[in-house]
Peer 1: 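Quick one: the structure is below, and I'll ask about it shortly.
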Amino acid sequence: MTDSKTLRIAVLGSGSGSNMQAILDAINDRALNCEITCVISDVEDAYILERAAKNNLPARHISGDPFKTKLEGDAEAKYISAIRDSGATVVVLAGFMRIIKQGMLDAFPNAILNIHPSILPAFPGVESWKQALEYGCKVAGVTVHFVDGGTDTGPIIVQRTVEVRDDDTPESLHARIQEQEHIAYPEALSLLAADGIKVEGRVVRRA
Ligand code: GRF
């Protein structure tokens, strides 16, 4: 970690926050040179906010209304202000269930990351582990990528695979994918913190 700078990140999530926890654990283990400057959820009672509070992280709910599936308009402006005020330079989407629109992309250019539970470009969108199982895939996994204007289409930073077993259910497969998510996100952030990647078009290379 000698030539690594402290990466200041805002974590956005709508659910349990297990990825936020994995990132925090890596920070506390000194495996990741990062500071979580704020945790924001569009879901008032999301467990990610409780986890953040338990760990003394600044946490707040900001509504995404009146939209249900995207972040735009006044709500988007509030998110941008809160993230900037916290001092974060990187935005980490960790189970944030809204589509990021141009305003946010312009506010944090090439600095928004997402985690998606499939080996992209296979199975973008929702419940991708279920899609992989129903398709009959023998391998599934997880992707950490930069966010661009599409849905789960941005340059890929890290991917990790899991084997699909004959007796897998959507739940058992998702659980094994999540184990890999908790390795993949800290790994991607470490690369970013260490200036260890360069983006050439849509290809991310180790610098
Ligand atoms: C993860 O499965 C992630 O891949 C997806 O949303 C889920 C978030 O889980 N984008 P958690 O809230 O981090 O536990």
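One-based numbering, in listed order, for ligands and for the atoms of each.
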Peer 1: For the aromatic rings, using the six-membered ring if either is Trp, is the centroid distance between Phe108 and Phe146 under 6.0 Å?
Peer 2: no
Peer 1: Out of Glu181, Arg160, Gln159, which residue meets the side chain to side chain donor-acceptor pair (under 3.5 Å) rule with Thr143?
Peer 2: Gln159
Peer 1: Using a 4.0 Å cut-off to any heavy atom of Ser16, which atoms of ligand 1 qualify?
Peer 2: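 Ligand 1 atoms under the 4.0 Å threshold to Ser16: 12 (O), 14 (O).
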Peer 1: What residues, two or more places apart in sequence or in another chain, satisfy side-chain contact (heavy atoms from CB on, under 4.5 Å) together with Lys68?
Peer 2: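 Asp65.
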Peer 1: With sequence neighbours excluded, what pairs up with Tyr185 under the ring pair (Phe, Tyr, Trp, His ring centres under 6.0 Å) test?
Peer 2: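 Tyr185 satisfies ring pair (Phe, Tyr, Trp, His ring centres under 6.0 Å) with no residue once adjacent residues are dropped.
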Peer 1: Provide the number and element of each atom of ligand 1 under 4.0 Å from a heavy atom of Glu181.
Peer 2: 1 (C), 2 (O), 3 (C), 4 (O)
Peer 1: Quick test: of every protein heavy atom, which one is nearest to atom 8 (C) of ligand 1, and how far off is it to 0.1 Å?
Peer 2: Gly95 CA, 3.5 Å
Peer 1: Please write down residue, atom name and distance for the protein heavy atom closest to atom 14 (O) of ligand 1.
Peer 2: Ser18 OG, 2.5 Å
Peer 1: Do ligand 1 and Asn114 have nitrogen or oxygen atoms that lie under 3.5 Å from each other?
Peer 2: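 No, Asn114 has no N/O under 3.5 Å of an N/O on ligand 1.
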Peer 1: On a heavy-atom basis, which atom in Arg98 and which in Gly64 lie closest, and how many Å separate them?
Peer 2: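 Shortest heavy-atom separation between Arg98 and Gly64 comes out as NH1-O, 3.4 Å.
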Peer 1: Hey, is His174 one of the residues with a heavy atom under 4.0 angstrom from ligand 1?
Peer 2: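 The answer is yes: ligand 1 sits under 4.0 Å from a heavy atom of His174.
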Peer 1: I'd like to know if Gly17 contacts ligand 1, where contact means a heavy-atom distance under 4.0 Å to any ligand atom.
Peer 2: yes
Peer 1: Do ligand 1 and Gln178 have nitrogen or oxygen atoms that lie under 3.5 Å from each other?
Peer 2: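 Among all N and O atoms of Gln178, at least one is under 3.5 Å from an N or O of ligand 1.
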Peer 1: Below 30° counts as parallel, above 60° as perpendicular, anything between as tilted: where do the rings of Trp129 and His174 land?
Peer 2: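 Geometry flag for His174 against Trp129: parallel rings.
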Peer 1: Test your reading of the model: is there a side-chain donor-acceptor pair from Ser190 to the backbone of Leu32, 3.5 Å cut-off?
Peer 2: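 No.
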Peer 1: Under 4.0 angstrom from ligand 1, any heavy atom of Ile115?
Peer 2: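 Yes.
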